[in-house]
Amino acid sequence: MGYDFTAIESKWQKYWDEHRTFHAENDYTKPKFYALVEFPYPSGQGLHIGHPRPYTAMDIVARKRRLQGYNVLFPMGWDAFGLPTENFAIKNKIHPAIVTKNNVERFKSQLKSLGLSFDWEREINTTDPDYFKWTQWIFLRLFKAGLAYKKEMNVNWCTSCKVVLANEEVVNGVCERCGGEVVHKVKSQWMLKITDYAQKLLDDLDSVDYFEKIKTAQRNWIGRSTGAEVDFTTTAGDILTVYTTRPDTLFGATYMVISPEHPIIEKWADKLSNMDAVREYQAAAARKSDFDRTEMNKEKTGVKLEGVRAINPVNGREIPIFISDYVLMTYGTGAIMAVPAHDTRDWEFAKVFNLPIIEVVKGGEDVQKAAFTDCATGVMVNSEFLDGLSVEEAKVKIKEWLTANGKGREKVNYKLRDWVFSRQRYWGEPIPVVYCEKCGWVALPESELPLKLPDVESYMPTDTGESPLSTLESFINTTCPNCGGPAKRETDTMPQWAGSSWYFLRYCDPKNDKELASKEALDYWMPVDWYNGGMEHTTLHLLYSRFWHKFLYDEGLVPCKEPYMKRTSHGMILGKDPERPGEFTKMSKSKGNVVNPDDVVKEFGADTLRLYEMFVGDFEKAAPWQENGIKGCKRFLDRVWALQEKVVPGDEYSDKLRASMHKTIKKVSEDIETLKFNTAIATMMGLLNEIDAAGSLSRGDFRTLLILLNPFAPHITEELYQIMGYEGVLNEQKWVEYDEALCVEDSVEIAVQVNGKVKARFNAPMNCDKEELEKLALDLPEIKALTDGKTIVKKIAVPNKLVNIVVK
RNA sequence: GCGAGUAUGGCGGAACUGGCAGACGCACCAGAUUUAGGUUCUGGCGGAGAGAUCCAUGCAGGUUCAAUUCCUGUUACUCGCACCA
């Protein structure tokens, strides 16, 4: 048995193409639904078996919504700038644009072979000048709003990619992409002020429907904390301000620590008697890569500044100042007050340098043995006017005192830092600004957009850390749009995240050459109703795109504050671990455990692949790819195909199957909405088992099964629909409804427990009342035998479920 | 270290607001069809026991007539963040 899936699938794919079946019309009178999946990076390896999982999931939602009468936008495109393409181009001496074009073609044909209902007329590509014109245009809006600025700063530098990385791109001290060593370099970089939006990015999470774990990750990344800034005067006369979340412990501050990069050190250079040792420590800290810094987490190091001391504003006591690399210049003020009794890091440092540890919060163990950091239970001591207060009370009181005495102020801080926005690479959007000696950085006029990439001899990045564009005189030298004098172009390009930070807007109106998208289109389609993507993009793409969107909202360019109403995520598909038999691991080319979707489509068909990707397990969790599991899904479709022989006349549901039909409609309808595709499929498999047991099904039964299965397996269901001679085509039908009242059977089996153990069963009418159930249960001979001569302590009846009799 | 999450047969996984643990699929076993392999169909399939029964949802307790589900403690693993003051 089996069916000719190859012929059927190509037939319907052709049909859908020719009939523009999935084209989203700009018919603004219909209810809309915008379903979005992350557009892929078209790598040279082609589609990975993991790609179809989220795509099929949202395809199911999109197809269901169409059957429910929505005007559905389900688009696809290419996030095509990026390093692998550039590296491939360098190695093979082919222009990256050509590499991209070839990869896109391959990806597109692979996606098409899966029967995904994308609107290909809205396809976009971030490397297309007609697209990145608007990426550049948004950058200029940011620039004009003061949110893009250039700054000399300490950046993460990947020694292997030879490129600057954003903080988000450094994972465990190494490059996220290549695993290469990351070191610090001082470079002049374009920065985007995402920190201006920190509070909004945090607050508006309350207004969207994201998985809670996604919200938590974003909140942690933004890292808001409330505390106080405290001004310490110094014996040098300058004021040194610290940030602390524990101002209540101010009386316990026994020393201060400032970051090795803190600018005040230079100011004090002639006052410090040990400046040589200080400089040596600074140099050592600068040499350390992020990896070294995380590795040497154990032993605290530092140097005491000899010659300048700080004065604790609360008691006038003089305390020493140290520099140490455990204090970061990029957070707070780059300086801390150290309270070793109540902070683990300060405690460790104090032990190394033998500094005094003064207890100011009572309630823990001996602070000489370990820091007591619990805020909830402690009581203030050794703190004069704070004594006897709880930590929370003391925080309030000390802040009042600081404010009243001009020694400090309440302060909110965020871990989020500004976004490093330049890359020294060829294959990215050129940053459309020029530098003029007279005018400084000047934006290109809109009429000069898009600023295209020039052709170059070599795409090789340079060891000096300059972009490949920097060697191209004809590109660099230009005139200032402001004064007409000579000017030089920026040669850095944008990071890959730029193009994906607004692509969902372009889908609304992808061919517009006047605006990034028309107001009407944005008003109608935005926000995205449901966006599914990987967990790995939670702190990168998701945060960046929310930031851009909020900026565009403030500029009056988009109609909503948040781009995505709902965000869900999927688990990875794992392959067999070649080193540990029976275990599963991430698929990778080097491990040789990669499964190619083309092979699966060829052997089993797209419908089977789609079904298996959805059946493999909990959508949110990682799932192992098991060849045998696919066979089960193929078998199921073969059996559905064979049903056509068992259909008997009748448009109504057959009596035997009526309740099951209604139950299945309910379950499948609900499960699609909650991403429980595996149980939706299991329910349909169960229905099929019932149909086979019944021996036949009516035309009405079959039609409903085909509609329910259509979003999962669109080709075979469409073909069967046609073979059976139903009216029209399946994708133009209505989603089926169920009747709650008809989901129930006439009678139900009741379990009878004695002392919580099942001892008997009987059939009772549906919704039989409690008294009746208890009576029926007690009349059963098995139960009589067990209860005879014993005292019945309690009887519990749960309608339609069970009866429990407690005896002694 | 902090935060989030997970733990159920040989495997992937089901189980609503506490109510018959193991749906559905895979693998496996037996039988039928087939010249044979494959396919297909029928039945079985958590463990122990001849059996009535007993034991089973990481582990140890608790609440309850009843716990995979709730509570306390604990272990292992996964993911995220990581000297953020």
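Just so we're on the same page: letters track the sequence lines, and every chain starts at 1.
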### Query
Is the distance between the ring centroids of A:Tyr612 and A:Trp625 under 6.0 Å?
yes
### Query
What nucleotide, of B:A14, B:C65, B:G25, holds the atom closest to the side chain of A:Asn678?
B:A14
### Task
Please determine if a side-chain N or O atom of A:Tyr331 lies less than 4.0 Å away from the OP1 or OP2 oxygen of B:A85.
yes
#### Entry: Shortest side-chain distance from A:Val798, nucleotide among B:A14, B:C20, B:G19
B:G19
### Task
For A:Asp618 and A:Arg53, work out which heavy atoms get closest and say how close.
O-NH2, 3.1 Å
### Message
If you assign A:Ala622 and A:Ala682 each to the RNA chain B nucleotide with the nearest heavy atom, which residue ends up on the more 5' nucleotide?
### Response
A:Ala622
#### Entry: Distance, rounded to the nearest Å, where A:Trp347 contributes CH2 and B:G1 contributes C1'
15 Å
### Message
Among A:Leu637, A:Leu687, A:Leu688, which residue satisfies the side-chain contact (heavy atoms from CB on, under 4.5 Å) criterion with A:Leu709?
### Response
A:Leu637
### Task
Between B:U78 and B:A32, how far apart are the P atoms? Round to whole Å, please.
49 Å
### Query
How far, in whole Å, is B:G1 from B:G13 if one measures between their C1' atoms?
34 Å
### Task
May I ask you to say what A:Gln753 touches in the nucleic acid, namely base, sugar-phosphate or nothing, with a heavy-atom cut-off under 4.0 Å?
base
### Message
Between B:A85 and B:C79, how far apart are the two C1' atoms, rounded to whole Å?
### Response
26 Å
### Task
Could you give the distance separating B:C28 and B:C11 at their P atoms, to the nearest angstrom?
15 Å
### Task
Identify the nucleotide, in any strand shown, that forms a Watson-Crick or G-U wobble pair with B:G3, with both distances under 3.5 Å; if there is none, say none.
B:C79
#### Entry: Watson-Crick or G-U counterpart of B:U35, or none if no pair lies under 3.5 Å
none
### Query
Is any side-chain N or O of A:Asn628 closer than 4.0 Å to OP1 or OP2 of B:C28?
no
### Task
Report the nucleotide, chosen from B:A85, B:A82, B:G13, that has the shortest atom-to-atom distance to any side-chain atom of A:Trp221.
B:A82
### Message
Tell me which nucleotide, if any, is Watson-Crick or G-U wobble paired with B:C16 when both distances must be under 3.5 Å.
### Response
none
### Message
Between B:U72 and B:G5, how far apart are the two P atoms, rounded to whole Å?
### Response
14 Å
### Query
Roughly how many Å is it from NZ in A:Lys794 to C1' in B:G19, rounded to a whole number?
14 Å
### Message
If I pick the P atom on B:G25 and the same atom on B:G46, what distance separates them, to the nearest angstrom?
### Response
15 Å
### Task
Counting heavy atoms from C-beta on, name the nucleotide in B:C65, B:C83, B:C20 closest to the side chain of A:Tyr326.
B:C83
### Summary
Taken to the nearest whole Å, NZ/A:Lys395 to C1'/B:A85 is 12 Å
#### Entry: Separation of B:C83 P from A:Met329 CE (nearest whole Å)
17 Å
### Message
I need the CD-C1' distance between A:Gln218 and B:C81, as an integer number of Å.
### Response
14 Å
### Query
What integer distance in Å separates A:Glu673:CD from B:C16:P?
19 Å
### Query
Can you tell me the Watson-Crick or wobble partner of B:G61, both distances under 3.5 angstrom?
B:C71
### Task
Go through A:Glu392 and A:Lys395 one step at a time and tell me if the salt bridge (Lys or Arg N to Asp or Glu O under 4.0 Å) criterion holds.
CA-CA 5 Å; A:Glu392 288 312 314; A:Lys395 278 184 183 173; 3.7 Å; yes
### Message
Could you tell me how far B:A7 sits from B:C55 if I compare only their P atoms? Round to whole Å.
### Response
25 Å
### Message
Can you measure A:Asp325 atom CG to B:A85 atom P for me and round it to whole angstrom units?
### Response
17 Å
### Task
Look at the side chain of A:Asn804 and the base of B:C65, then say whether one donor and one acceptor between them are separated by less than 3.5 Å.
yes
## Note on the structure
Exactly one candidate in A:Val208, A:Thr538, A:Thr539 meets side-chain contact (heavy atoms from CB on, under 4.5 Å) with A:Ile214; the answer is A:Thr538
### Distance in angstrom units between A:Asp618 CG and B:U68 P, rounded
21 Å
### Task
Report yes if at least one side-chain N or O of A:Arg635 is closer than 4.0 Å to OP1 or OP2 of B:U40; otherwise report no.
yes
### Query
Hey, does the side-chain of A:Lys795 have a donor or acceptor N/O within less than 3.5 Å of a partner on the base of B:C65?
no
### Message
Classify A:Ser225 by what it touches in the nucleic acid, base, sugar-phosphate, or nothing, heavy-atom distance under 4.0 Å.
### Response
sugar-phosphate
### Message
Give me syn or anti for B:G47, where syn covers glycosidic angles within 90 degrees of 0.
### Response
anti
### Query
Would you say A:Gln218's side chain and A:Leu202's backbone share a donor-acceptor pair under 3.5 angstrom?
no
### Query
A:Ala751 side chain: which of B:A23, B:C20, B:A85 is closest?
B:C20
### Query
Between B:G19, B:A27, B:A23, which one does the side chain of A:Thr679 approach most closely?
B:A23
### Query
Of the nucleotides B:G19, B:G25, B:C83, which has the atom closest to the A:Met685 side chain?
B:G25
### Query
Say you pick atom P in B:U8 and the same atom in B:A82; how far apart are they, in whole Å?
31 Å
### Query
A:Asp346 near the nucleic acid: base, sugar-phosphate alone, or nothing, with a heavy-atom cut-off under 4.0 Å?
nothing
#### Entry: Closest nucleotide among B:G3, B:C24, B:G12 to the A:Pro624 side chain
B:G12
### Query
When you match A:Lys667 and A:Thr330 each to their closest nucleotide on RNA chain B, which lands nearer the 5' end?
A:Lys667
### Query
Partner of B:C28 by Watson-Crick or G-U wobble geometry, both contacts under 3.5 Å, or none?
B:G44
Name the atoms and distances for all side-chain donor-acceptor pairs under 3.5 Å in residues 676-683 of chain A, with sequence neighbours left out.
{"residue": "A:Thr679", "atom": "OG1", "partner": "A:Asp671", "partner atom": "OD2", "Å": "2.8"}
{"residue": "A:Thr679", "atom": "OG1", "partner": "A:Lys676", "partner atom": "O", "Å": "3.1"}
{"residue": "A:Thr683", "atom": "OG1", "partner": "A:Thr679", "partner atom": "O", "Å": "2.7"}

### Query
What's the closest nucleotide to the A:Val758 side chain, out of B:A85, B:C11, B:C20?
B:C20
### Task
For A:Asn413, report the nucleic acid contact type (base, sugar-phosphate, nothing); a contact means any heavy atom under 4.0 Å.
nothing
### Query
Going by the angle between their ring planes, with limits at 30° and 60°, are A:Tyr326 and A:Phe349 parallel, tilted or perpendicular?
tilted
### Query
Does A:Arg639 make a side-chain N or O approach to OP1 or OP2 of B:U40 shorter than 4.0 Å?
no
### Task
Would you mind telling me which of B:G19, B:A85, B:A4 lies closest to the side-chain atoms of A:Thr216?
B:A4
### Query
Is it true that A:Glu38 and A:Arg567 make a salt bridge, defined as a side-chain N closer than 4.0 Å to a carboxylate O?
yes
### Task
Can you tell me the pairing partner of B:A66 across any strand shown, Watson-Crick or G-U wobble, with both distances under 3.5 angstrom?
none
